[in-house]
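Have a look at the structure below before the remarks.
Remember, predicted model here, so these are calculated numbers, not experimental data.
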Amino acid sequence: MPKELPSAADLWEGAITFFSIDTDLIQSAGYDFSAGELNQLPAQLPAKMKLQLTEIVAQEIIKHRMEPVLKSIAQFKASSDALKRTAGLDMANIDGDFENLNAEIFATARFRHLIEDYVSRCRGQILPIDGAGLAAQVFAYYFAGKPPFAQRADKKSEFPDATTLILLEMFAKENQTKGIFASRDSGSSEFAAQSEYLYCVKSIDELATLFAATDEISQAIKSRVLEAISVEPSVVLNQLHSAIEDHVAEAQWNIGDIYSGTVARVEGHVSEVRLNRYTVHRDNAEIWAADDEAGAWIVELGASVEVVVIVSITFFVWDSIDREEIELDTQQFEFPSNVEVQAFLNCSGINKENAPEEWEVDVDISSGEYDVDVGEIDPEFDEDYI
């Protein structure tokens, strides 16, 4: 039984031919199939490794991505009703145009298309929820308390995971092969430990690392790339710097904990993010021979990034005479923040002697979402204001 990670022989001699990814890891990657680690995976893995994504996971992805869409639809309709009620506006034409958009149907179809397109890029398919004995096997695991069902009262919530794992195992049995399932769920690891057909890794990065190149040529290429980002001026370093700068500026920054000890209420939003400095973790760099293009390489770099987040904060006070809340002032404050960024350098045209200026390099960083906890904040006034 494959209780440990697969050996190099298993990976390269054809014993393992497919992989699959759990919903939680796709969610952690921001559902972004066009940038970052999900985008790189089709080229990092050899052509024989095909994605077998279960219909369960596909439906869960769509469900999660539809949540903000459905919320926005409800908010639009509520706003329309409020305008009719408070302003007496005739919203019939606008409501009709909105209904004709079929926003829910359009968004669902779009999310489905993005999943199918990614599965196609990964040379795979979406496994349907069928198969002889599937339901009986899932319930047998449930009543026996076998992984991924946990010995707890809420183990009914594990039905989707159990169905996904059993579907993957059934596929492996029918095709006389083995697969790798990427999931951080402990139940998935326990299931794989008892399976003859499935391995389990905890992350997409761990999955990709199994196929990282370690031969002399690839290590020489990696050394050249690392050298190119270690000196200034450098075309490659400039590209990496610009990509990190764009990443932090375009990321979604959320305001976490924020409150005041002197005014009734505060609101804040991030108005600007400035890159301060960053440190590249060169010792942890990995390299892959890109499977989709001869002579192309993928170098993964991690970086610790320091930024300054400018937060615009509005302070509200309570007017006890008019018995209403009024805006006191809006001020900007700076907060330092540290984030970890994963960058992929897609490189081609590198040989032993040519200069980095002759290489073709594209830096890929997925979109990010970060939190800034302001904590307690009070308005600042100068002497003239007082």
Side-chain angles (χ1 to χ4, degrees), residues 1-12 15-31 37-38 41 44-46 49-61 64 119 122 124 126-127 129 131 134-135 137-212 284 286 300 302 340 342:
M1 293 188 294
K3 294 183 179 180
E4 305 296 333
L5 291 178
S7 66
D10 289 330
L11 294 173
W12 296 105
I16 301 171
T17 62
F18 75 91
F19 69 99
S20 193
I21 309 173
D22 205 358
T23 310
D24 61 341
L25 297 184
I26 296 175
Q27 184 178 31
S28 296
Y31 307 107
E37 58 183 359
L38 285 173
L41 204 54
Q44 289 173 313
L45 272 56
M49 287 294 293
K50 301 177 180 180
L51 174 59
Q52 305 298 333
L53 193 75
T54 69
E55 180 66 31
I56 297 277
V57 171
Q59 290 292 337
E60 286 181 332
I61 292 170
H64 289 312
V119 171
C122 293
I126 297 177
L127 298 179
I129 308 172
L134 173 62
Q137 192 168 348
V138 170
F139 276 100
Y141 276 57
Y142 171 72
F143 288 115
K146 296 174 63 176
F149 291 108
Q151 297 293 338
R152 58 176 186 263
D154 64 344
K155 64 181 180 179
K156 292 180 181 179
S157 64
E158 304 292 341
F159 267 100
D161 293 339
T163 305
T164 285
L165 289 162
I166 291 172
L167 277 172
L168 293 173
E169 190 173 58
M170 290 172 63
F171 174 85
K173 287 180 180 179
E174 290 170 2
N175 292 275
Q176 291 298 298
T177 187
K178 294 178 182 179
I180 305 173
F181 186 47
S183 172
R184 66 167 63 97
D185 181 68
S186 60
S188 297
S189 299
E190 293 169 4
F191 182 96
Q194 300 178 19
S195 172
E196 297 180 13
Y197 299 93
L198 291 180
Y199 294 92
C200 187
V201 294
K202 293 292 187 181
S203 67
I204 296 171
D205 188 62
E206 187 177 353
L207 170 63
T209 299
L210 292 173
F211 298 90
N284 298 325
E286 298 278 7
E300 179 189 4
E340 294 296 320
Q342 183 183 37

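- Proximity of Leu168 to Phe19: side-chain heavy atoms (C-beta onward) are nowhere separated by under 4.5 Å.
- Residues Phe181 and Asp22 have side chains in contact (heavy-atom distance under 4.5 Å, counting atoms from C-beta outward).
- Taking all atoms of both residues into account, the shortest heavy-atom contact from Ala15 to Thr177 is O-OG1, 3.5 Å.
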- request: Could you check Thr54 against Ile129 for side chain to side chain contact (heavy atoms under 4.5 Å, CB included), going step by step and ending with a plain yes or no?
  value: CA-CA 8 Å; Thr54 69; Ile129 308 172; over 6 Å; no
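- The CD atom of Glu37 sits 8.0 Å away from atom CD of Glu300, with the distance rounded to the nearest 0.5 Å.
- Within a 6.0 Å radius of NZ in Lys50, no more than 12 heavy atoms belonging to other residues, nucleotides or ligands are found.
- Looking at Leu5 and Glu206, their side chains come closer than 4.5 Å, going by heavy atoms from C-beta outward.
- The shortest side-chain heavy-atom distance between Leu207 and Leu25 does not fall under the 4.5 Å cut-off.
- Atom NZ in Lys178 sits 11.0 Å away from atom OG1 in Thr17 (nearest 0.5 Å).
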Check against side chain to side chain contact (heavy atoms under 4.5 Å, CB included), Arg184 and Ser28 | CA-CA 11 Å; Arg184 66 167 63 97; Ser28 296; 3.1 Å; yes
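- Taking the side chain as every heavy atom from C-beta outward, Pro160 and Gln59 never approach each other to under 4.5 Å.
- Here the shortest heavy-atom pairing between Ser188 and Ser183 reads OG-OG, 3.4 Å.
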Do Leu38 and Ile21 pass the side chain to side chain contact (heavy atoms under 4.5 Å, CB included) test, and can you show the C-alpha distance, the side-chain angles, and the key distance before you say yes or no? CA-CA 10 Å; Leu38 285 173; Ile21 309 173; 4.1 Å; yes
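- Taking CG of Leu11 as the reference point, atom CD1 of Ile180 lies at 5.5 Å (rounded to 0.5 Å).
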